[in-house]
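Chain letters run A, B, ... following the sequence lines, proteins first, then strands; residues in each count from 1.
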Protein chains: 2
Amino acid sequence: MLTNRQLQILQVIVDDFVTSAQPVGSRQISKKEWITTSPATIRNEMADLEELGFIEKTHTSSGRVPSEKGYRFYVDHLLQPISMSAREIGLFQSVFKNQIVEMEQVIRESANILSDLTSYTTILLGPNVSKHRVKRFQIVPLSEQTAVAIIVTDNGHVENRTITLPQGFVPSDIEKTINILNERLVGVSLLELQSRLELETFNVLRQHVNTADSFIQSLRNVATFQNEGKIYFGGKTNMFNQPEFHDLNKVRALMEMMEKESQVISLFQHEDAGIHIRIGSENNHLVMDDLSVITASYSIGNDQEGSIAIIGPKRMDYQRVVSLIDVMRSGLSGALSNKVNDGL
Amino acid sequence: MLTNRQLQILQVIVDDFVTSAQPVGSRQISKKEWITTSPATIRNEMADLEELGFIEKTHTSSGRVPSEKGYRFYVDHLLQPISMSAREIGLFQSVFKNQIVEMEQVIRESANILSDLTSYTTILLGPNVSKHRVKRFQIVPLSEQTAVAIIVTDNGHVENRTITLPQGFVPSDIEKTINILNERLVGVSLLELQSRLELETFNVLRQHVNTADSFIQSLRNVATFQNEGKIYFGGKTNMFNQPEFHDLNKVRALMEMMEKESQVISLFQHEDAGIHIRIGSENNHLVMDDLSVITASYSIGNDQEGSIAIIGPKRMDYQRVVSLIDVMRSGLSGALSNKVNDGL
DNA sequence: TATTAGCACTCCCTCTTAATGAGTGCTAAC
DNA sequence: GTTAGCACTCATTAAGAGGGAGTGCTAATA
């Protein structure tokens, strides 16, 4: 168990290192007015803290730097919520109050604001469409052989695919197909759509419509959706400002990671909802060893969610980011749920 | 006018510098088997070439490097088409032959292949939708107040917007609106759509439908499209491999540029069609001073086009890239025009 | 007259060395 | 338990030396 004085010292080390990016020495700590002991005493305490694994040296005679364990302890025990400045609050309100029409735009703006305020990189995961429910099917023929199939969901999301029509398919066949699909599948969630099609709808189609297997295959494709929401980035190049990223290889690795959708998505995986902080190697990804990720999820209406992530150096201003992400999550939830209730 | 020997020497300097990224010295040039003169003579010629502005030194006693004027001359007069390897041809065919369904996917893959083959960054501009023609309007109500308006174009492209319905708008009003829109606007290009709405359709609507000005405003929004095609990137991080980009600030500036849509679009602006090469400062953009951009356009069907750009260091393998981009342009044009003819 | 060998000179790059300074750990005194 | 004092470590910076690649010029050569 850490003594009070050790807690104080650990806190100063983390806080100072977060702002300066320089190893923190005993003299520097002793300068804080609320620290009354001499540098020598602090050095003894630091030796203990190091032995316990909370801080480490960059070389034999350097100041101390928080270890991952140190950050973890700081995040778990020393973090205190801070309040936001008027300017920040204003910025948030500008996105949410401003009657913005499209959900997509709200999310996009949010990502930018968050990255501006933190000067870290922000990733927003849009809501997963798989819980939307079908509102309407439509098939619009383009030519003898092709048509566009459209699904409108209860949230106003529109999915569309180009499909191939069977030989000899006539307009009345299209009408019939549309009717069958709408009769049977309106209200079904996109997640269930595939299985519902297989289990019943295809059979009905085969009975009533001059159809072909290739057409059914096309419809199968229509019902296949991306499993995850769309990804929005804010401040992709912000990491260039961080001194720990003055190394080209690191920047490069990070940039490459962000180009790969699956790797980005994996940053968001969590057992439960709430605000999560993953520090350095806790991300289980070599590229992320020097980075921390703070994630939270926001909700839209009753059962849909999206996620927010802020990626910064391990030496991240956790207090601030946690506060900001919390405000953003509730702001987004509020703004977007309203839209849903309005039927949008 | 340059002598034959000067042409030869300039060519060697450009070719060698392109592959090695190192200033080229007289001795190195004299080693080429088809160069028969001694280093001393070559030095004299180089002094002349330098005076004429085609090459320059990085410092007093360094080898020579092509100047922008030198590259320009090389590109205009010394470039010879090269043939592609079997492997490369195979790669291209895999995108175009493979019966890929969605146009978007073909474009995306093309960007990746091109960046893989060149190890530069590729940008593809999707076709501009403004020349598509309306195939069908659809309005799907979501709630009392909101609905989704959908436009399907003759190419199978789907545009959609959420709109607000006027108070007291009933289903039959929606039916009427859909009919009016489809009667009057099918076949109109998206470019003209706005003006056609204003000139006639809105008046008809006002006569037949219990409508409101807010509704008309919504429809106006529906007819507003992005002016340019979608942007696809390939090999965004390839520039990290180029030795001239071992400077963090340059990489950063480039990355930031690529995040800004308008700046990316401006790379494509050209008076006429065909393959264009812009070298360094010819791009009129500070960030691009060390970069060259080769652009070409591809066509889809009769009157739509998209563009291809390859961004590399000024020290770019112009011959190869020009060949590749030319193959890609005709391949893309062929593949996508077929799709259009199939009605897709 | 065009070409070339020879040579002094320039500038970059790398390696070494020395000086500086921030910070530590330990010991002994308070 | 705390602290002053001091020897020690290591990163960082600056200055200097040596080597190498390449040039420009001059004088000799074909």
With the criterion being N/O to N/O and under 3.5 Å, what pairs connect the protein with nucleotides 2-4 of chain D, and how long is each?
| unit_1 | atom_1 | unit_2 | atom_2 | d |
| --- | --- | --- | --- | --- |
| D:dT2 | OP1 | A:R5 | NH1 | 3.0 |
| D:dT2 | OP2 | A:R5 | NH2 | 2.8 |
| D:dT3 | OP2 | A:S38 | N | 2.9 |
| D:dT3 | OP2 | A:S38 | OG | 3.3 |
| D:dT3 | OP2 | A:T41 | OG1 | 2.6 |
| D:dT3 | O5' | A:S38 | OG | 3.3 |

All N/O pairs under 3.5 Å across the protein-nucleotides 8-13 of chain C interface:
| unit_1 | atom_1 | unit_2 | atom_2 | d |
| --- | --- | --- | --- | --- |
| C:dT10 | O3' | B:T60 | OG1 | 3.3 |
| C:dT10 | O2 | B:S61 | OG | 2.5 |
| C:dC11 | OP1 | B:T60 | OG1 | 3.0 |
| C:dC11 | O5' | B:T60 | OG1 | 3.2 |

Take atom [atom1] of [X] and atom [atom2] of [N], then tell me their distance rounded to the nearest Å.
X     : N      : atom1 : atom2 : answer
A:I13 : C:dG23 : CD1   : C1'   : 13 Å
A:I55 : C:dG23 : CD1   : C1'   : 13 Å
B:I42 : C:dA5  : CD1   : P     : 11 Å
A:F17 : C:dG23 : CZ    : P     : 13 Å
A:E50 : C:dC26 : CD    : C1'   : 15 Å
A:L49 : C:dG23 : CG    : P     : 17 Å

message = Is it true that, when you exclude B:Q269 itself, more than 12 heavy atoms of the residues, nucleotides or ligands shown sit nearer than 6.0 Å to its CD?
response =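 Check passes, neighbour count above 12.
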ask   = In degrees rounded to 10°, what angle is found between the helical axes fit to the five outermost pairs at each end of the helix from C:dT1-D:dA30 to C:dC30-D:dG1?
value =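 Comparing the axis at each end, I get an angle of 20°.
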ask   = Where along residues 23-35 of chain B does a heavy atom come under 4.0 Å from DNA chain D, residue by residue in number order?
value = B:G25, B:S26
query = So, the side chain of B:Y318 versus the backbone of B:K314: is there a donor-acceptor pair under 3.5 Å, distance only?
reply = yes
key: Test item: A:N283 side-chain N/O and A:L291 main-chain N/O as donor-acceptor pair under 3.5 Å   = yes
key: Residue pairs involving residues 253-271 of chain B (criterion salt bridge (Lys or Arg N to Asp or Glu O under 4.0 Å); sequence neighbours excluded)   =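 Counting only pairs at least two positions apart or across chains, the salt bridge (Lys or Arg N to Asp or Glu O under 4.0 Å) contacts touching residues 253-271 of chain B are B:K236-B:E259, B:R252-B:E256.
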Partners of [X] by side-chain contact (heavy atoms from CB on, under 4.5 Å), sequence neighbours excluded?
X      : result
B:D289 : B:S281, B:L286
A:S61  : A:H59
A:T36  : none

key: Flag for A:S62-A:T58: side-chain donor and acceptor within less than 3.5 Å   =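 Yes.
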request  = Classify the side-chain pair A:T122/A:Y232 by whether it contains a donor and acceptor separated by less than 3.5 Å.
outcome  =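 Looking only at side-chain atoms, A:Y232 and A:T122 do not form any donor-acceptor pair under 3.5 Å.
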Phosphate OP1/OP2 of D:dG24: any B:K57 side-chain N/O under 4.0 Å = yes
query = Can you check whether B:R64 has a side-chain N or O nearer than 4.0 Å to OP1 or OP2 of D:dG22?
reply =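 Result: no.
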Side-chain donor-acceptor contacts of residues 74-81 of chain B below 3.5 Å, not counting sequence neighbours, with atom names and distances?
| unit_1 | atom_1 | unit_2 | atom_2 | d |
| --- | --- | --- | --- | --- |
| B:Y74 | OH | B:D15 | OD1 | 2.6 |
| B:D76 | OD1 | B:R72 | NH1 | 3.2 |
| B:H77 | ND1 | B:F73 | O | 3.4 |

remark   = Taken in chain and number order and not counting sequence neighbours, the residues that satisfy salt bridge (Lys or Arg N to Asp or Glu O under 4.0 Å) with B:K69 are none
key: Under the salt bridge (Lys or Arg N to Asp or Glu O under 4.0 Å) test, residues paired with B:K32 that sit two or more places apart   = B:D16
task = Not counting sequence neighbours, which residues clear ring-ring contact (aromatic ring centres under 6.0 Å, His included) with B:H285? List them please.
result = none
